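Have a look at the structure below before the remarks.
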Amino acid sequence: QLQLVESGGGFVQPGGSLRLSCAASGFRVDSYAIAWFRQAPGKEREFVAAISRNGGNSGYTDSVKGRFTISRDNAKNMVYLEMNSLKPEDTAVYYCAASTWLVWTKETQNYAYWGQGTQVTVSS
């Protein structure tokens with residue numbers, strides 16, 4: 001059974017950092033494009049970052065470029081999202097998702113597998 005489990009969320013002050021983890025089971029993370037999405041209360045789920053199946057290409061939404069970094073540890077079968085210089089507008093539930101596409105995309109409908117999400121709250 002293919003499963004994704006996020007962890008690492010929490011409460012942080014503006015300017016702080018968090019590292020989110022996404023543990024995969026039932027499949028190898030290097031066989032799928034993996035993305036992070038987020039959803040704030042009352043808003044649609046939005047793309048944050050993604051890494052291609054072979055790890056050679058990654059992408060970010062404009063609002064997190066230079067602050068967030070997506071990475072993958074194939075040996076541990078994990079994907080991470082390093083988040084620095086956090087802002088209150090980064091507050092959301094963060095989800096990791098897996099797609100069978102060769103390259104990453106920004107569209108939620110292209111991701112067939114989702115984790116349960118982890119809450120990130122940025123506030124003073």
Side-chain angles (χ1 to χ4, degrees):
Q1 182 179 358
L2 195 149
Q3 190 174 16
L4 296 166
V5 179
E6 303 94 335
S7 62
F11 183 95
V12 64
Q13 292 185 338
S17 299
L18 283 174
R19 188 177 81 156
L20 305 184
S21 299
C22 176
S25 60
F27 73 105
R28 292 179 54 86
V29 293
D30 57 359
S31 297
Y32 289 75
I34 306 293
W36 287 94
F37 289 81
R38 66 186 179 186
Q39 188 167 19
K43 294 187 177 181
E44 293 188 354
R45 192 167 299 189
E46 66 170 352
F47 171 81
V48 177
I51 189 166
S52 60
R53 187 189 296 183
N54 65 8
N57 181 264
S58 58
Y60 302 87
T61 192
D62 286 346
S63 63
V64 308
K65 284 181 180 177
R67 300 189 298 124
F68 291 13
T69 303
I70 188 171
S71 63
R72 190 174 68 197
D73 187 329
N74 294 337
K76 295 183 178 179
N77 216 30
M78 299 279 291
V79 177
Y80 304 99
L81 185 68
E82 187 75 35
M83 306 187 297
N84 298 312
S85 302
L86 283 162
K87 304 175 181 180
E89 51 264 43
D90 295 318
T91 295
V93 177
Y94 283 70
Y95 300 89
C96 66
S99 169
T100 56
W101 286 41
L102 180 61
V103 295
W104 59 267
T105 69
K106 296 182 178 181
E107 291 75 27
T108 58
Q109 62 266 29
N110 294 332
Y111 291 83
Y113 308 102
W114 294 81
Q116 84 290 346
T118 185
Q119 176 71 46
V120 172
T121 303
V122 185
S123 176
S124 56

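Any value given below was found using the heavy atoms of this structure, including those in side chains, with hydrogens, waters and symmetry copies removed. Quick caveat, the model's predicted, so the values are computed rather than measured.
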Please say yes or no: joined through hydrophobic side-chain contacts below 4.5 Å, possibly via intermediate residues, are Tyr95 and Trp36 part of one cluster? no

Less than 6.0 angstrom separating the ring centers of Tyr32 and Phe27, yes or no? yes

With side chains defined as the heavy atoms from C-beta onward, is the minimum distance between Phe47 and Thr105 less than 4.5 Å? no

Does Glu6 reach the side chain of Tyr94, with side-chain heavy atoms less than 4.5 Å apart? no

How far apart are the closest heavy atoms of Ala33 and Trp101, and which atoms are they? CB-O, 3.6 Å

With a distance cut-off below 6.0 Å to the six-membered ring centre and an angular limit of 45° from the axis, does Arg45 pair with Phe37 as a cation-pi contact? no

Where the side chain of Asn77 meets the backbone of Val29, is there a donor-acceptor pair that is under 3.5 Å apart? yes

To the nearest 0.5 Å, atom CG of Asp73 lies from atom SG of Cys22 at 12.5 Å

Flag yes if Val48 and Leu18 sit in one hydrophobic cluster, no otherwise; membership is Ile, Leu, Val, Met, Phe, Trp, Tyr, and two members link when side-chain heavy atoms are under 4.5 Å apart. yes

Return the CD to OG distance between Glu107 and Ser99, rounded to the nearest 0.5 Å. 10.0 Å

Closest non-hydrogen atom pair between Ala49 and Leu81, with its separation: CB-CD1, 4.1 Å

Which atom names give the shortest non-hydrogen contact between Ser17 and Asn84, and what distance separates them? OG-OD1, 2.8 Å

Any chain of hydrophobic side-chain contacts (each under 4.5 Å) joining Leu2 to Ile51? yes

Should Pro14 and Val122 count as side-chain neighbours, where that means a heavy-atom distance under 4.5 Å? yes

Using modelled atom types only, decide if a donor and an acceptor are shared between the side chain of Tyr60 and the backbone of Ile70 within a distance under 3.5 Å. yes

Applying a strict under-4.5 Å side-chain criterion to I, L, V, M, F, W and Y, I'd like to know whether Val64 and Leu20 cluster together. yes

Kindly say whether Asp30 contributes a backbone atom to a donor-acceptor pair with the side chain of Arg53 at under 3.5 angstrom? no

How many angstroms lie between OG in Ser52 and CZ in Arg72, if you round to the nearest 0.5 Å? 6.5 Å

For Thr91, does its backbone N or O pair with a side-chain atom of Arg38 as donor and acceptor, under 3.5 Å? no

Side chain proximity check, Phe68 to Leu86, heavy atoms < 4.5 angstrom: yes

Any side-chain heavy atom of Met83 sitting closer than 4.5 Å to one from Val120? yes

Ignoring hydrogens, what is the shortest heavy-atom contact between Ile34 and Tyr111? Give both atom names and the distance. C-CE2, 4.5 Å

Atom of Ser58, atom of Trp104 and distance for their closest heavy-atom approach: C-NE1, 3.5 Å

Rounded distance (nearest 0.5 Å) linking atom OG of Ser71 with atom CZ of Arg19: 7.0 Å

Backbone of Gly8 reached by a side-chain donor or acceptor of Ser21 within 3.5 Å: no

Neighbour count >12 (heavy atoms, 6.0 Å) for atom CH2, Trp114: yes

Salt bridge check, Asp62 against Lys65: does any charged N sit closer than 4.0 Å to a carboxylate O? yes

So does Glu44 have more than 12 non-hydrogen atoms from other groups sitting under 6.0 Å from CD? no

Rounded to the nearest 0.5 Å, what's the gap from OG1 on Thr108 to NZ on Lys106? Could you check? 13.5 Å

